[in-house]
Student: 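One structure follows; several queries about it will come next.
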Amino acid sequence: MRIATWNINSVRARAHLLAELDAAAAPDVVCLQETKVADEKFPHAAVEALYPYRHVRGMKAYNGVAILSKIPFTATGGEDWCGREDARHAIARFKGGLELHNFYVPAGGDIPDPEANDKFAHKLAFLDELAAWLSAESSPRARRVLVGDLNIAPLEADVWSHKQLLNVVSHTPVEVDALTKVQSAHDWVDAVRHFAPDEPLYSWWSYRAKDWRASDRGRRLDHVWVTPALKGKLRSFEILKDARDWPKASDHVPVIVDIDV
DNA sequence: ATGGTTGCCGTGCAA
């Protein structure tokens with residue numbers, strides 16, 4: 001099974017890029033974040049030929065996740081977090097017991113201080129709640145995959161400058177600690193770092209750079225994690241960096257993992 | 001130290 005995760009930054013503005021993704025990598029399953037569309041306005045007609053099976057959880061203007069698939073699955077909703085109905089989680093269950101979770105973690109605003117910035121407080125609370133939820137759901141033989149825009153680049157090799165980003169939201173120690181607790185709550189294996197432990201790798205480059213490729217001030221915000229039961233089934237990964245130059249590109253590129261299921 | 005871009009909708013807000 002080839003699974004892609006991609007913050008598409010509006011599925012309506014960039015529905016045409018799903019065909020580019022299929023031509024480039026032909027994923028079986030695509031998990032989108034920041035679809036930015038209410039469910040009744042989701043562009044099903046534009047994607048149904050490629051992905052006959054879909055589970056969308058969206059809202060007007062902000063957030064929103066979607067699971068698009070060539071393989072049948074059962075859609076099982078997704079949780080609401082921090083008492084908000086803000087469409088940040090969708091779940092799919094595939095035949096054979098594989099459970100796929102698609103997350104869009106709050107970005108957290110600009111100021112890395114939960115006292116001064118409600119959005120950062122929300123991000124930390126979201127991660128704490130997620131860690132507690134996963135601990136309660138823990139089962140040693142579970143075959144689960146967690147993907148999404150986690151809006152945190154936890155490792156030094158996940159950012160263009162560890163030193164310069166230590167106080168920048170997405171790489172601050174307090175949120176990296178919170179994400180690490182989520183990860184240990186389920187013994188999740190970072191599928192990309194399983195293959196490439198130390199190599200600098202990014203999945204997001206700001207729109208504001210004059211030449212994103214030349215400056216290469218990227219961050220690895222988009223992740224694919226698997227439970228230990230699937231670790232030995234990991235086959236390969238790809239970060240589709242070329243997607244950052246597609247027409248009307250998202251600021252995130254797809255992260256793709258192949259799993260033997 | 002500052003400003004740089006994008007999508008949502010039709011104004012700032014969130015990223």
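Model, not experiment: these values are computed from the prediction. Each chain gets a letter, A, B and so on, in the order its sequence line appears, and its residues count up from 1.
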Student: Hey, which of these two, A:A249 or A:A107, hits DNA chain B nearer its 5' end, going by closest nucleotide?
Tutor: A:A249

Student: With sequence neighbours left out, which residue pairs that include part of residues 149-159 of chain A fulfil the side chain to side chain donor-acceptor pair (under 3.5 Å) condition?
Tutor: A:N7-A:D149, A:D158-A:R193, A:D158-A:R220

Student: On a whole-Å scale, what distance lies between the C1' atoms belonging to B:dT11 and B:dT6?
Tutor: 16 Å

Student: I'd like the P distance from B:dA1 over to B:dA14, given in whole Å.
Tutor: 26 Å

Student: Looking for any heavy atom pair under 4.0 Å, which part of the strands does A:R217 touch: base, sugar-phosphate only, or nothing?
Tutor: nothing

Student: Under 4.0 Å between a side-chain nitrogen and a carboxylate oxygen: does that hold for A:K119 and A:D110?
Tutor: no

Student: Would you say A:S236 and A:D258 are linked by a side-chain donor-acceptor pair, where the criterion is simply a distance under 3.5 Å?
Tutor: yes

Student: What does A:K41 touch in the nucleic acid at a heavy-atom separation under 4.0 angstrom: a base, only the sugar-phosphate, or nothing?
Tutor: nothing

Student: Would A:R217 and A:D211 pass as an ion pair if we require N to O under 4.0 Å?
Tutor: no

Student: How is A:K60 classified with respect to the nucleic acid when contacts are heavy atoms under 4.0 Å: base, sugar-phosphate, or nothing?
Tutor: sugar-phosphate

Student: Can you check the distance between B:dG3 and B:dG7, where both ends of the measurement are the P atom (answer in whole Å)?
Tutor: 22 Å

Student: Name the residue closer to the 5' end of DNA chain B, choosing between A:N151 and A:Y207 according to the nucleotide with the nearest heavy atom.
Tutor: A:Y207

Student: If we count only N and O atoms by modelled type, under 3.5 Å, do the side chains of A:R57 and A:H89 hold a donor and an acceptor together?
Tutor: no

Student: Can you give me the first and the last nucleotide of DNA chain B (5' to 3') that has an atom within less than 4.0 angstrom of a non-hydrogen atom in chain A?
Tutor: B:dG4 to B:dA15

Student: Under 3.5 Å, is there a donor-acceptor pair between the A:E175 and A:T172 side chains?
Tutor: yes

Student: Rounding to an integer number of angstrom, what distance separates B:dC9 and B:dC13 when you compare their C1' atoms?
Tutor: 11 Å

